[in-house]
Amino acid sequence: MTDSDNGQKTIEIDIQKDLFGANEDAAALNTDLFKAHGITVIDIMGSVGTGKTQLIESLCERMREKYRILMLAGDLETTIDADRVASHGIDTIQINTGTACHLDARMIKVALMDVDLSKYQVIFVENVGNLICPAGYPLGAAKKIVVVSITEGPYMVRKHPLTIKHADMIIINKIDLVDALEFDIDALERNIREVDAKLPVIRVSSKTGVGIDDLIGALEF
Ligand code: MG
Ligand code: ZN
């Protein structure tokens, strides 16, 4: 802010800094809240159609005996994904973002406002289907995982290196289709390693269940 002699003030707003800074502050508060309740929160990102919802369904099927789980579903419209997960007996909250192409930390806070968090040990957040901006908006989750699917073709890791860089783990999904698509899954994994050599990469089929137990282990449940 600068003051001039005639009493006028000029405020320079760095939209990038203010927007992301405010989100990061809200995310830190969410992290404190989750820690205070002993809840592990996993933020699941990926394009539309990568199988995020089916992956959550698979995880819930295997984990629900041991953990009390809440699922937050982020979508522009509809309750399709929340309904699918709810059909497994899991509590869900739908967050309809209207026009926003990602969830942000404040939306999570608002969604959980009236929730008795002492009821839950695990929260799966399905972010809005979009491989670009969700990575720039931390929600306060313990882990951010990115789901890529071999049906997206061979180039999406190379085209979205920033999203890979922000992730704590990459899931390569739909490996049951490797033969049918003649997909070079090792090449895809090499692309991930070129962005971050140490990033855990787990190959799964959320449809057949292959790799899901490895994923649960990698998430340290
Ligand atoms: Mg979905
Ligand atoms: Zn967005």
When hydrophobic residues are tied together by side-chain contacts of less than 4.5 Å, even through go-betweens, does [X] share a cluster with [Y]?
X    : Y    : value
V41  : L70  : yes
V147 : I202 : yes
F124 : L103 : no
L181 : I175 : yes

Measure across [X] and [Y] and return the closest heavy-atom pair with its distance rounded to 0.1 Å.
X    : Y    : result
V115 : I93  : CG2-CD1, 3.5 Å
N130 : C101 : ND2-O, 2.8 Å
F221 : Y67  : C-OH, 3.4 Å
K174 : G49  : NZ-O, 2.7 Å

Is any side-chain heavy atom of [X] closer than 4.5 Å to a side-chain heavy atom of [Y]?
X    : Y    : result
M107 : Y137 : no
L72  : L112 : yes
E126 : M71  : yes

Check against side-chain contact (heavy atoms from CB on, under 4.5 Å), M169 and L219: CA-CA 9 Å; M169 185 183 295; L219 289 172; 3.9 Å; yes
Polar side-chain atom of [X] near backbone of [Y] as donor-acceptor pair, under 3.5 Å:
X    : Y    : value
N127 : G46  : no
E24  : P138 : no
D81  : A73  : no
T163 : L131 : yes

[X] atom [atom1]: more than 12 heavy-atom contacts under 6.0 Å:
X    : atom1 : result
K143 : NZ    : yes
R158 : CZ    : no
D114 : CG    : no

About how many Å separate [atom2] of [Y] and [atom1] of [X], when rounded to the nearest 0.5 Å?
X    : Y    : atom1 : atom2 : answer
I150 : M156 : CD1   : CE    : 9.0 Å
Q54  : I212 : CD    : CD1   : 8.5 Å
I123 : R68  : CD1   : CZ    : 12.0 Å
L188 : I172 : CG    : CD1   : 4.5 Å
L139 : K144 : CG    : NZ    : 8.5 Å
I145 : L55  : CD1   : CG    : 6.0 Å

Charged N-O contact under 4.0 Å between R193 and E189: yes
Taking R203 first and then D186, would you say they form a salt bridge - that is, a charged N and a carboxylate O separated by under 4.0 Å?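 Salt bridge: yes.
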For N173, run the side-chain hydrogen bond (donor to acceptor under 3.5 Å, both in side chains) check against S206, S149, S58 and tell me which one passes.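 Only one option passes, and that is S206.
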Hey, mind stepping through K109 and L29 against side-chain contact (heavy atoms from CB on, under 4.5 Å) and telling me if it holds? CA-CA 9 Å; K109 183 175 179 247; L29 290 175; 5.5 Å; no
